[in-house]
Amino acid sequence: MWEVPELELGDDATRIFLNSHGKHPELVNQELIELLEYMEKSTDVVVEECESKRIHQMHERINRLKSSKEMEIKFMQKWEEKEMERQEAYAEGERAGEARINKLIMYLLEQGRNEDLAKVAANSEYQAKLLKELGL
């Protein structure tokens, strides 16, 4: 395991990144290895091979939740909410991107830079370069 203390995420949260395909199981607690295997493949077969009582209990609770119609409805509602938020964010991003490009086009037209205008339309790298140069 490696720490990168100088990595600043800016929210004062502590995060632990786990690699479920690690190459040194001797350096890791067996229960953590079993948990990572279970997280990858949450099946009865994997649970049967686990020694951890906590993983067995967790699997039982998950199965109860999965079989609950009420939980299924709540899950679908949350999924729909997240999907709507994602679509709204995508549309907002598109509008912002279009506004930036329109500002660039207007600037180039006002400056009489028709060659740059044609180049911007054909070359996304050049477009990005001009957007950055102009602070758009």
Practice problem: Report the distance from atom CG of N102 to atom CZ of R100, rounding to the nearest 0.5 Å. | Solution: 12.0 Å

Practice problem: Would you indicate whether R54, at its atom CZ, is surrounded by more than 12 heavy atoms from other residues, nucleotides or ligands within a distance under 6.0 Å? | Solution: no

Quiz item: For the hydrophobic clusters of this structure (ILVMFWY residues joined by side-chain heavy atoms under 4.5 Å, transitively), does one cluster hold both F75 and I62?
Solution: no

Tabulate below the donor-acceptor pairs under 3.5 Å that side-chain atoms of residues 84-96 make, not counting sequence neighbours, or state none.
{"from": "R86", "atom 1": "NE", "to": "E83", "atom 2": "OE1", "distance (Å)": "3.3"}
{"from": "R86", "atom 1": "NH2", "to": "E83", "atom 2": "OE2", "distance (Å)": "2.8"}
{"from": "Q87", "atom 1": "NE2", "to": "E83", "atom 2": "OE2", "distance (Å)": "3.0"}

Exercise. Taking side-chain hydrogen bond (donor to acceptor under 3.5 Å, both in side chains) as the test, write out the residues that go with K23, two or more places apart.
Key: none

Quiz item: What distance do L65 atom CG and K74 atom NZ have between them, rounded to the nearest 0.5 Å?
Solution: 10.0 Å

Please tabulate, one pair per line, all N/O donor-acceptor pairs under 3.5 Å involving side-chain atoms of residues 126-136, not counting sequence neighbours.
{"from": "Y126", "atom 1": "OH", "to": "D116", "atom 2": "OD1", "distance (Å)": "2.5"}
{"from": "Q127", "atom 1": "NE2", "to": "V120", "atom 2": "O", "distance (Å)": "3.4"}
{"from": "K129", "atom 1": "NZ", "to": "E133", "atom 2": "OE2", "distance (Å)": "2.9"}

Exercise. Work out which heavy atom in L117 is nearest to a heavy atom in L109; give both atom names and the distance.
Key: CD2-CD2, 3.5 Å

Quiz item: Out of curiosity, E37 CD to C50 SG, how far, rounded to the nearest 0.5 Å?
Solution: 6.5 Å

Self-check item: Side chains of R64 and M71 in contact at under 4.5 Å (non-hydrogen atoms)
Solution: no

Practice problem: Please round to the nearest 0.5 Å and tell me the distance separating atom NE2 of H59 and atom CG of N63. | Solution: 4.0 Å

Quiz item: For the atom pair CE (M58) and CD1 (I55), what is the distance rounded to the nearest 0.5 Å?
Solution: 5.5 Å

Exercise. Measure the spacing between CG of N114 and CG of L108 and express it to the nearest 0.5 Å.
Key: 9.0 Å

Quiz prompt | Closest non-hydrogen atom pair between H21 and E40, with its separation | solution = NE2-OE2, 2.9 Å

